[in-house]
Protein chains: 2
Amino acid sequence: MSLKSPSDQAKSKGLPPPTYHHGDLREALVQAGIEILEERGLAALTLRETARRAGVSHAAPYHHFSDKGALLTAIAARGFRMQHNAMAAAAQSTTDPGEGLQAYGLNYVSFAQNHPSLFRLMYTRECGPNTPPELAEASSGFYPKMVEGICAATGCSVEQASSISLLLWSTMHGLAMLWLDHQLLWEGHPPLDKLAYELSELLGRILQSPNPAP
Amino acid sequence: MSLKSPSDQAKSKGLPPPTYHHGDLREALVQAGIEILEERGLAALTLRETARRAGVSHAAPYHHFSDKGALLTAIAARGFRMQHNAMAAAAQSTTDPGEGLQAYGLNYVSFAQNHPSLFRLMYTRECGPNTPPELAEASSGFYPKMVEGICAATGCSVEQASSISLLLWSTMHGLAMLWLDHQLLWEGHPPLDKLAYELSELLGRILQSPNPAP
DNA sequence: ACCTGAACACCGTTCAAGT
DNA sequence: ACCTGAACACCGTTCAAGT
């Protein structure tokens with residue numbers, strides 16, 4: 001009853017509530033979901049809680065999403081867009097291809113650290129074979145750019161660049177996941193960004209090493 | 001009513017059921033949980049379903065686990081033991097330290113492929129700061145062995161070996177996770193074991209490259 | 001077209017009661 | 001000591017009914 005809702009804002013401005021319905025409830029639900037995720041974590045991200053936060057009944061989301069999974073997918077897609085924006089900005093800070101690749105990797109890990117629950121949701125959606133195109137496109141959009149960057153940095157073939165690309169991605173993804181899952185707790189436990197920097201330096205050796213005979 | 005339960009087996013042997021209680025219900029619940037995981041996936045792993053499968057009431061597990069999280073932790077710990085056994089067996093197949101490391105990595109990915117839901121459960125338990133010692137010990141037990149193996153293979157310092165160790169672990173963990181999460185779906189989509197082999201070959205270059213000045 | 005309220009099945013958890 | 005059955009709060013989903 002005393003739950004804050006967007007329509008309360010309209011009321012407090014003295015405007016008569018034209019209607020209790022949102023202009024764009026779908027968007028409001030995605031936004032509410034992200035807020036719940038960042039504030040209270042994955043376990044709290046419930047369809048009913050999302051509806052409550054958006055100020056509508058628990059059945060309302062079904063007019064915009066076929067089920068809970070569809071809502072989670074929309075939130076994940078939004079997260080991928082956020083990540084891409086952050087990575088693009090980071091890569092833009094340098095013109096050197098090698099440094100650009102390093103910035104990519106470090107920023108990938110940073111995003112996971114800054115948005116742990118969102119990051120986990122993004123990469124843990126098992127939509128099986130029928131991944132919605134919205135997600136499929138959003139999720140691996142940066143992979144081709146990495147291959148490009150590696151070709152520019154090393155002059156190697158696209159095939160070799162693909163392998164190296166996967167190596168960089170796997171390494172940073174694995175580091176981020178192991179950190180999120182509290183697996184990096186041994187003696188010293190250096191901060192995550194330091195570990196990411198160490199690994200990126202090690203990987204730099206591969207980029208600089210001579211290509212093996214094909 | 002017509003659910004199969006372990007006590008039915010006793011009955012069908014003609015033995016009078018001495019009691020409906022298990023000798024070791026805790027163990028039976030962990031086993032039931034693993035079976036559910038492998039047959040029907042994480043979403044089906046429910047406290048009540050686990051109890052049904054073990055043939056007891058849904059409240060019975062609370063006499064052996066404080067809550068659902070404790071049951072999941074016990075299942076995860078069992079999974080880590082399974083993984084360690086598999087990896088130890090794989091590493092034993094060679095005496096060459098370099099080959100041993102490669103076998104370690106490839107087997108890590110194999111385990112994830114063969115037990116996708118169990119693998120995800122193992123590495124996704126966020127027990128926060130109060131990780132039960134049972135899990136903490138089981139989860140990263142192989143890390144020191146890797147550092148050891150790298151020292152033996154390269155003769156480098158423990159510090160350098162720690163970094164390289166984390167590189168190998170992160171890479172194989174990330175590859176496994178990206179594959180489980182259906183992120184490796186671009187053109188060609190080579191099989192996972194082939195990708196793992198490619199990455200391990202690339203990483204081999206780092207092991208063989210000259211150590212930088214400290 | 002968009003939303004609500006009641007309803008159903010299922011889940012995690014608790015607790016008095018049984019043996 | 002170990003388990004059961006009923007109970008409670010919560011969740012995902014459906015659907016007739018409202019505007």
Side-chain angles (χ1 to χ4, degrees), chain A residues 1 3 5-8 10-11 16-33 36-37 40-76 117 121 125-127, chain B residues 1 3 5-8 10-11 16-33 36-37 40-76 117 121 125-127:
Chain A
M1 304 305 179
L3 291 177
S5 82
S7 53
D8 290 329
K11 275 187 258 176
T19 166
Y20 268 77
H21 310 156
H22 282 78
D24 188 354
L25 179 54
R26 185 190 156 94
E27 172 57 27
L29 288 168
V30 170
Q31 185 57 38
I36 293 169
L37 219 42
R40 298 169 48 203
L42 238 172
L45 182 55
T46 265
L47 224 182
R48 287 169 107 109
E49 178 62 25
T50 308
R52 270 191 292 269
R53 193 165 191 125
V56 292
S57 81
H58 61 262
Y62 286 92
H63 293 276
H64 301 270
F65 301 99
S66 63
D67 56 10
K68 186 190 180 185
L71 170 61
L72 296 189
T73 295
I75 294 173
S117 298
L121 174 69
R125 305 259 57 237
E126 35 185 339
C127 347
Chain B
M1 308 305 181
L3 292 176
S5 81
S7 52
D8 289 329
K11 276 188 256 179
T19 165
Y20 267 76
H21 310 156
H22 283 76
D24 188 354
L25 180 54
R26 186 191 156 94
E27 172 57 29
L29 287 167
V30 170
Q31 184 57 37
I36 293 170
L37 220 41
R40 299 170 47 203
L42 238 172
L45 182 55
T46 265
L47 223 182
R48 286 169 108 109
E49 178 62 25
T50 308
R52 271 192 291 270
R53 194 165 190 125
V56 292
S57 81
H58 61 261
Y62 286 91
H63 292 275
H64 300 271
F65 301 98
S66 62
D67 56 10
K68 187 189 181 187
L71 169 61
L72 296 188
T73 294
I75 295 173
S117 298
L121 174 69
R125 307 261 52 241
E126 36 185 339
C127 345

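To find a chain, count down the sequence lines: A is the first, B the second, and so on, and within it residues start at 1.
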Open item on the list: side chain to side chain contact (heavy atoms under 4.5 Å, CB included), that's the test. Do T50(B) and I75(B) meet it? Break it down for me.
Closed with: CA-CA 11 Å; T50(B) 308; I75(B) 295 173; 5.8 Å; no
Open item on the list: As an exercise, state the distance from CZ of R53(A) to CG of L45(A), rounded to the nearest 0.5 Å.
Closed with: 10.5 Å
TODO: Find the distance between CG (L47(B)) and CG (L72(B)) and round it off to the nearest 0.5 Å.
DONE: 8.0 Å
Task: Rounded distance [0.5 Å steps], CG in L42(B) versus CD1 in I36(B) - done: 11.0 Å
Task: Protein-to-nucleotide contact annotation, 5' to 3' order, nucleotides 5-15 of chain C [B base; S sugar-phosphate only; - none; under 4.0 Å, heavy atom] - done: BBB---BBBBB
- [ ] Give DNA chain C the dot-bracket treatment, 5' to 3': Watson-Crick (N1-N3 with N6-O4 or O6-N4) or G-U (N1-O2, O6-N3) under 3.5 Å, [ ] crossing, | other strand.
- [x] ||.|||||...|||||.||
- [ ] Identify the two heavy atoms, one from D67(A) and one from Y62(A), that lie closest to each other, and give their separation to 0.1 Å.
- [x] CA-CE2, 4.1 Å
Open item on the list: Going by the rule salt bridge (Lys or Arg N to Asp or Glu O under 4.0 Å), which residues pair with E49(B) if we only count those two or more places apart in sequence or in a different chain?
Closed with: R40(B), R52(B)
Task: Distance-minimising heavy-atom pair for S57(B) and P61(B) - done: O-CD, 3.5 Å
TODO: Compare every heavy atom of R26(B) with every heavy atom of A74(B), then report the nearest pair and how far apart it is.
DONE: CB-NH2, 4.1 Å
- [ ] Whole angstrom is fine here: how far is it from CG in L29(B) over to C1' in dC2(D)?
- [x] 13 Å
